[in-house]
Amino acid sequence: MSCYVVRVDAQTPNSDAILRAARILQSGGLVAFPTETVYGLGANALDPEAVGRIFTAKGRPAQNPIIVHVATTDDAKKLASAWPDQAELLANHFWPGPLTLVLPKQACVPDLVTAGGPTVALRIPAHPVALALLRACGLPVAAPSANRSTELSPTCAEHVLNSLTDQIDLLLDGGQTTGGLESTVLDLAADRPRLLRPGLVTVAALEALLGPIDHVRHENAEPLRSPGQMRRHYAPQTPLEITMHSRERVEELCTQGLRVGWLNHLDEGEAGAVRVVLPADAIGYSAGLYAALHQLDAVELDRIVVEMPPGGDDWMAVRDRLQRAAQE
Ligand code: TXA
Ligand code: MG
């Protein structure tokens with residue numbers, strides 16, 4: 001089976017393409033589609049057989065639950081058995097957008113989607129293609145990032161094809177995603193809101209609405225955990241290290257005869273490495289990070305050296321993904 005790729009305009013997608021993708025979802029197939037964060041690999045969330053195909057395609061461990069994407073807050077409420085005031089507040093403020101809310105699940109949500117757990121992760125994506133697809137199929141769509149498990153998430157159609165090819169029935173190619181990092185995952189099923197994965201919605205933005213939320217604040221802590229999430233995740237094939245004074249490190253490795261990729265947000269000139277300079281602001285850096293890592297990974301390199309990104313709340317998701325990518 002080969003993957004059918006349909007190019008769609010990111011702002012005003014062609015309705016024939018969307019209808020075709022919607023029919024595939026309705027009949028139990030897999031559709032890869034852009035969201036504002038990364039590309040997702042979608043299936044009918046209410047059909048365990050279809051969701052099972054996602055796990056097979058990604059090589060995803062069964063204990064890792066999947067986010068369910070919906071078109072409206074009312075659709076989200078149908079899948080949650082409780083809808084606390086905080087959910088209402090956050091949904092009104094951030095949806096459609098890169099915030100995933102974990103809530104107690106309704107019985108209709110298959111165990112496979114939630115990895116057997118009592119909660120379901122829900123979000124409305126802020127991308128015209130994703131929204132058009134959700135509306136057209138009339139179904140909740142379970143969709144993890146459209147890459148093989150533990151690998152880098154895809155921010156364009158080419159990344160998806162490089163990672164998954166045969167197992168997708170249709171790929172809606174809407175160009176580059178704008179956000180570039182995955183959604184923030186917030187657990188509202190516990191006593192206090194708990195951050196499970198930092199993302200494009202910052203802790204400061206959440207706390208401005210909710211007051212203090214539980215999360216790991218210090219830099220050297222274990223990466224934040226969601227059930228089933230591996231320490232090494234979001235990782236390129238090439239070994240990656242994060243360091244301060246990356247220029248010195250790059251020069252040292254080059255002197256040893258290693259082929260080095262150098263990812264930096266400070267333009268510090270050449271150093272004999274394959275160099276990618278990302279914007280020095282967190283939003284611009286996030287948007288370009290995975291594309292830069294995909295690009296460096298495609299070159300034959302022995303090592304990728306990353307200049308330590310700044311501290312501060314708005315860089316938290318970037319630091320989290322880099323720390324995971326650097327795990328051996
Ligand atoms: O931006 C995103 O979130 C992208 C796009 C496609 O929406 N999706 C994405 O999915 O990153 P995935 O599967 O790669 O990551 C989902 C994360 C995992 O860390 C998973 O453990 C967590 O969400 N998760 C899903 N369901 C959960 C649940 N019921 N309880 C706790 N964590 C959950
Ligand atoms: Mg993923």
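Nothing fancy with the numbering, it's 1 onward along the sequence. In listed order, ligands and their atoms are each counted from 1. Keep in mind it's a predicted model, so treat the numbers as computed, not measured.
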Quiz item: Going by distance only, is there an N or O of Thr100 that falls short of 3.5 Å from an N or O of ligand 1?
Solution: no
Practice problem: Tell me, please, if Ser153 has any N/O/S atom, main chain or side chain, under 2.8 Å from the Mg ion (ligand 2)? | Solution: no
Exercise. Take every heavy atom of Arg123, measure it against each atom of ligand 1, and state whether any distance is under 4.0 Å.
Key: yes
Quiz item: Under 4.5 Å between any side-chain heavy atoms of Asp302 and Gln256, yes or no?
Solution: no
Quiz prompt | Check: Tyr39 N/O within less than 3.5 Å of ligand 1 N/O | solution = no
Quiz item: Could an N or O of ligand 1 be found under 3.5 Å from any N or O of Glu182, whether backbone or side chain?
Solution: no
Self-check item: Heteroatom distance test (Ser145, ligand 1): nitrogen or oxygen, under 3.5 angstrom
Solution: yes
Quiz prompt | Nearest candidate to atom 3 (O) of ligand 1, where distance is taken over non-hydrogen atoms, out of Pro144, Ser183, Pro125, Ala146 | solution = Ser183
Quiz item: Side chain or backbone of Thr37 under 4.0 Å from ligand 1, or both, or neither, by non-hydrogen atoms?
Solution: side chain
Practice problem: Please indicate whether any nitrogen or oxygen in Arg197 is less than 3.5 Å from any nitrogen or oxygen in ligand 1. | Solution: yes
Practice problem: With heavy atoms of Leu196 as the reference, note each atom of ligand 1 found under 4.0 Å away. | Solution: 31 (C), 32 (N)
Self-check item: Per-atom contacts of ligand 1 with His69, taking only distances under 4.0 Å to non-hydrogen atoms
Solution: 5 (C), 6 (C), 7 (O)
Self-check item: Close-contact set for ligand 1 against Ala121 heavy atoms, below 4.0 Å
Solution: 25 (C), 26 (N), 27 (C), 29 (N)
Self-check item: Identity of the nearest option to atom 24 (N) of ligand 1, non-hydrogen atoms only, from Pro154, Ala189, Gly42, Pro65
Solution: Pro65
